[in-house]
Amino acid sequence: MLHWAIRSFFLHCDTACQLVIHDDGSCRPETLDNFRKTFVGAAVYSRNEAVSVIAPQLNQFSELYRWWQSSFTGIKWIDYYLLGRSKYVIFLDTDVLFFGPPNEIFENPSQAVWMRDCFESLYFDSEDSLRLFGVRTLPQLNSGLGRIPRDWFDPSLAEKVLMHMSAPEVVKRAKNIGLPTHDDQTFNAVLSACNGNWSLLSERYQVATEPGLKGAIAKHYVTPRRFLLFEEGIPRVAAHLELELPRWLRERG
């Protein structure tokens with residue numbers, strides 16, 4: 001999935017980007033070596049290498065540090081901000097595929113810009129966010145694809161978000177509506193809202209809710225629609241890359 005996501009992105013992207021691949025602890029050394037060979041020039045961090053870079057930056061934030069050590073969500077979120085030096089961070093999940101130039105991601109450089117989520121999936125409503133963070137509106141974003149200034153990362157604010165998300169009544173409410181524990185989207189929403197300058201990508205950047213590309217520039221094949229990544233997404237990307245697929249994997253009609 002990582003190979004398809006990154007290759008589809010760079011096939012259509014005309015803007016120079018530094019690629020950083022971070023291991024969540026599940027990759028074998030052979031897998032990381034394969035990434036280095038395939039994506040020449042990419043910064044590929046093993047879990048141990050990432051820890052050596054990030055741990056000193058979180059020493060003063062015990063709750064955030066503990067969450068990052070114990071949660072794949074924490075690794076996914078914090079690594080993005082602290083494993084690079086570029087002015088902006090581009091979030092890209094491995095279940096996002098590209099079918100056209102992602103120009104909107106690079107417009108309005110002073111803003112954060114995110115894919116729009118298909119339903120409300122944040123831990124805080126407007127009353128909570130106003131009371132806790134002084135902002136009434138949090139963007140209904142999907143963190144699978146987005147761009148945000150790197151220096152907006154604020155570990156003190158992140159730790160405050162984490163502590164409120166861990167409150168028993170908040171956890172209970174999240175479980176009742178099917179939210180995952182400590183979802184990274186809420187952190188990005190709070191960072192974006194507190195900096196006051198964000199926008200959402202157009203409808204051509206889609207979270208998968210139904211079959212069909214319908215002019216999509218990018219599509220995020222989230223669960224429970226992950227099967228569409230293989231049935232419609234990869235066949236179209238393979239055609240763009242001029243890669244031959246077995247007959248039973250080719251795009252249908």
Short side-chain to backbone donor-acceptor contact, N195 and N197, under 3.5 Å: no
Spatial distance of atom CD1 (I90) from atom CG (L19) [nearest 0.5 Å]: 10.0 Å
Contact summary for Q111 and S199, nearest pair of heavy atoms: OE1-OG, 2.9 Å
M165 with Y81, same ILVMFWY side-chain cluster at under 4.5 Å: yes
Close side-chain approach of Q140 and L122, heavy atoms under 4.5 Å: no
Minimal non-hydrogen separation, A5 against L92, with atom names: O-CD2, 4.5 Å
Sidechain-backbone polar pair: R236 side chain, F99 backbone, donor-acceptor under 3.5 Å: no
Hphob cluster co-occupancy, W198 + L138, side-chain heavy atoms under 4.5 angstrom: yes
Pair H22 and Y80, ring centroids less than 6.0 Å apart: yes
W77 ring center near F153 ring center (under 6.0 Å): yes
Non-hydrogen side-chain atoms of C13 and F98 separated by less than 4.5 Å: no
Within 6.0 angstrom of E127 CD, more than 12 heavy atoms from elsewhere: no
W114 reachable from V222 in the ILVMFWY side-chain graph, under 4.5 Å edges: no
Shortest non-hydrogen contact between H3 and T38, atoms and distance: CE1-OG1, 3.6 Å
Closest non-hydrogen atom pair, L245 against P235: CD1-CA, 3.8 Å
Which residues share a salt bridge (Lys or Arg N to Asp or Glu O under 4.0 Å) with R150, sequence neighbours left out: none
From CA spacing to verdict: side chain to side chain contact (heavy atoms under 4.5 Å, CB included), K214, R204: CA-CA 8 Å; K214 301 176 183 176; R204 298 188 70 186; over 6 Å; no
Residue pair Q206, H220: steps toward the side chain to side chain contact (heavy atoms under 4.5 Å, CB included) verdict: CA-CA 6 Å; Q206 305 169 2; H220 189 185; over 6 Å; no
Test item: I21 and Y45 side chains (from C-beta on) under 4.5 Å apart, heavy atoms: no
Any L32 side-chain heavy atom under 4.5 Å of F35 side chain: yes
Spatial distance of atom CZ (F39) from atom CD1 (I6) [nearest 0.5 Å]: 4.5 Å
E232/K219 salt bridge by N-O under 4.0 Å criterion: yes
S26 and D24: side chain donor to acceptor below 3.5 Å: yes
Sub-4.5 Å side-chain heavy-atom contact between E104 and Y205: yes
N103 side, atom CG; T15 side, atom OG1 - distance, nearest 0.5 Å: 7.0 Å
Over all atoms of both residues, closest heavy-atom pair of A208 and R225: O-CG, 3.4 Å
Polar side-chain atom of R116 near backbone of E203 as donor-acceptor pair, under 3.5 Å: no
Flag, side chain of E159 to backbone of S156, donor-acceptor distance under 3.5 Å: no
Side chain to side chain, L145 and L201, heavy atoms closer than 4.5 Å: yes
Side chain to side chain contact (heavy atoms under 4.5 Å, CB included) evaluation trace for V113 with E107: CA-CA 9 Å; V113 55; E107 296 172 356; over 6 Å; no
Identified side chain to side chain contact (heavy atoms under 4.5 Å, CB included) partner of R7 from the options L2, L243, V237: L243
Between W67 and F187, ring centroids under 6.0 Å: yes
Spacing of CG belonging to D23 relative to OG1 belonging to T31, to within rounding of 0.5 Å: 8.5 Å
Chi angles and distances behind the side chain to side chain contact (heavy atoms under 4.5 Å, CB included) call for L241, L11: CA-CA 8 Å; L241 291 168; L11 174 68; 3.8 Å; yes
Straight-line distance of D95 CG to W4 CH2, nearest 0.5 Å: 15.5 Å
Residues D79, R47: salt bridge by 4.0 Å N-O rule: yes
Minimal non-hydrogen separation, A112 against W152, with atom names: CB-CZ3, 3.6 Å
Check: E49 main-chain N/O paired with S52 side-chain donor or acceptor under 3.5 Å: yes
Separation between CG of L228 and CD of E210, rounded to the nearest 0.5 Å: 9.5 Å
cation_pi(R226, Y221) dist<6.0 Å, angle<=45: no
E63 atom CD: more than 12 heavy-atom contacts under 6.0 Å: yes
Minimum side-chain heavy-atom gap V89-F91 below 4.5 Å: yes
Neighbour count above 12 (heavy atom, 6.0 Å) for F72 CZ: no
Cluster link V190 to I78, ILVMFWY, side chain under 4.5 Å: yes
Residue pair V53 / L82, side-chain heavy-atom distance below 4.5 Å: no
CZ/R147: more than 12 non-hydrogen atoms of other groups inside 6.0 Å: yes
Exceeds 12 heavy-atom contacts within 6.0 angstrom, atom CG of D14: no
I105-F10 co-clustered via ILVMFWY side chain contacts under 4.5 Å: yes
Matching residue for S143 among N188, D93, D117, T186 - test: side chain to side chain donor-acceptor pair (under 3.5 Å): N188
